[in-house]
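The structure appears right after this line, and notes come after that.
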Protein chains: 2
Amino acid sequence: MATVHAIPAAPAPPRGRREAQRDRTRVEILSAAWVLVRAQGLAGLSMRDLGEAVGMRAQSVYSYYPSKDAIYDAMFRQGYEEFDAWIAAGADTAALAPAARFRHMAHRFFDFCTTDPVRYMLLFQRTIPGFEPSPGSYAVALTVLDELADEFAAIGVTDPAAIDLAIAVFTGLTSQQIANDPERDRWERLVDRAVSMLLVDLAPHLLDRTTPATRGTT
Amino acid sequence: MATVHAIPAAPAPPRGRREAQRDRTRVEILSAAWVLVRAQGLAGLSMRDLGEAVGMRAQSVYSYYPSKDAIYDAMFRQGYEEFDAWIAAGADTAALAPAARFRHMAHRFFDFCTTDPVRYMLLFQRTIPGFEPSPGSYAVALTVLDELADEFAAIGVTDPAAIDLAIAVFTGLTSQQIANDPERDRWERLVDRAVSMLLVDLAPHLLDRTTPATRGTT
DNA sequence: GTCTATAATCTGATAGAC
DNA sequence: GTCTATCAGATTATAGAC
């Protein structure tokens, strides 16, 4: 219902102390929402608990977010902004050879997902009942995924199907790890092997020199 | 902890008409639960709706299942029994060459999952709030997964890590398909490519027919 | 075996006082 | 901006009549 003109990842700077305080509270609420959701599951978030967690009545939360879905939406957006930051943080691997860089990226992606399974579910699965991201937040998601595609391009992989395949492989490993062995590393140990396997298929030119093809090293 | 001797998939036969009718009603309730869950999501199941769907009051459902979790548990078990039947139905591919059989199996697995996304979530993801399968149902799941491992063994793949990797790849493709492109085939089209890729890694001997095998024989 | 009645609790959300 | 009060409903589950 509200005007959804907000351009992705471009929050207007607060205009005064009032607005600054308000933004701070919004951030605090969002942060509390993440804590609750990690403890009770994505669908288990309730406005009551959320209010209590920030020292308010549930009703007061509505002064900051107009609905529960708006909170999910803000979490979705924030999650993708974190994913964006994650991508940017990988820039320091630009010096690595493409194959090594790909391997590095794979491990980092796996870590990004498994360190916060709930965030992973919110961003990459459709597990939440009636929630659909707003156009604005979805636009952020698409932008970030485009940047991920750029990362693939940087190591010479531009075929969209190849990128889909690679992402599917890593999300598959991730979700198996989260669902079936959350405390250990049964699938994490397969990341290297998956990388080698993928390289053969989608970037064989990267292997034409000295082919290390290490398997199973952690 | 409990005696896990209970042999999966061996319900005692009903002892009389009374019990037969009761079992029929239980089946009817379960079937209605699947319908509801497909429409409203796994977590959206309510006893009210379920009762209404079978022409009862919600309270009467408790005469057949002692709790909502018991219904989830029965669905979990039934899902794995269907998966078991799915495996058995693949026996007619025994005549195929191993690589072709593997390919066939991959496509069938993808179909099994995508034709009922909710079942897929219940069986292979941990998306449901507070539900844990009972020891009995979990034993069924383990048995069926063992049979799946036997299928891999039949085409010469016995390394547990290799099986984990293959399953992760196919569940990854599946869940991407379900979450991001439910009406079309963006990831389904990648199944063949994934199969080829996997074969190179985990069963190269199946591809060595035309080249001098210098890797050593079995 | 199904019902009515109801407990006990949770939910998201709104109105309006201060 | 936070509160009280409250709506209007949902939920699972139990007790006991018939």
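The chains referred to below are lettered A, B, ... by the order of the sequence lines, with proteins before strands, and numbering in each begins at 1. Side-chain atoms are counted along with the backbone in the values below, which use heavy atoms only and exclude waters and symmetry mates.
The stretch residues 147-166 of chain B participates, sequence neighbours left out, in these side-chain hydrogen bond (donor to acceptor under 3.5 Å, both in side chains) pairs: R186(A)-D164(B), R193(A)-D159(B).
A salt bridge is absent between E28(B) and R24(B): the closest approach of a Lys/Arg side-chain nitrogen to an acidic carboxylate oxygen does not fall below 4.0 angstrom.
The minimum heavy-atom distance linking C113(B) with F124(B) is given by the pair SG-CE1, 4.1 Å. The shortest non-hydrogen separation linking R77(B) to G136(B) is NH1-C, 3.9 Å. Nearest heavy atom pair, residue A168(A) against residue L173(B), reads CB-CD2, 3.7 Å.
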Do any side-chain atoms of residues 42-59 of chain A form donor-acceptor pairs under 3.5 angstrom with protein atoms, and if so which ones, sequence neighbours left out?
residue: S46(A); atom: OG; partner: D49(A); partner atom: N; Å: 3.2
residue: S46(A); atom: OG; partner: D49(A); partner atom: OD2; Å: 3.3

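The shortest distance between the side-chain N/O atoms of S60(B) and the OP1/OP2 oxygens of dG1(C) is not below 4.0 Å. Contact annotation: S63(A) does not reach the phosphate of dG1(D) (side-chain N/O to OP1 or OP2, under 4.0 Å).
A straight line from CZ of R17(A) to P of dG1(D) spans 14 Å, rounded to a whole angstrom. Rounded to an integer number of Å, the gap from CZ of R24(A) to C1' of dG1(D) is 15 Å. Atom CG in L36(B) sits about 15 Å away from atom P in dA10(D), given to the nearest Å. The CE-P distance, from M56(A) to dG1(D), rounds to 9 Å in whole Å. Counting to the nearest Å, the C1' atom of dG1(C) and the CG atom of D23(B) are 15 Å from each other.
Within 4.0 Å (heavy atoms only), Y65(A) reaches no atom of the nucleic acid at all.
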- Go along nucleotides 11-18 of chain D 5' to 3' and tag each nucleotide: B for a protein heavy atom under 4.0 Å from its base, S when only backbone or sugar atoms are that close, - otherwise. BBBB----
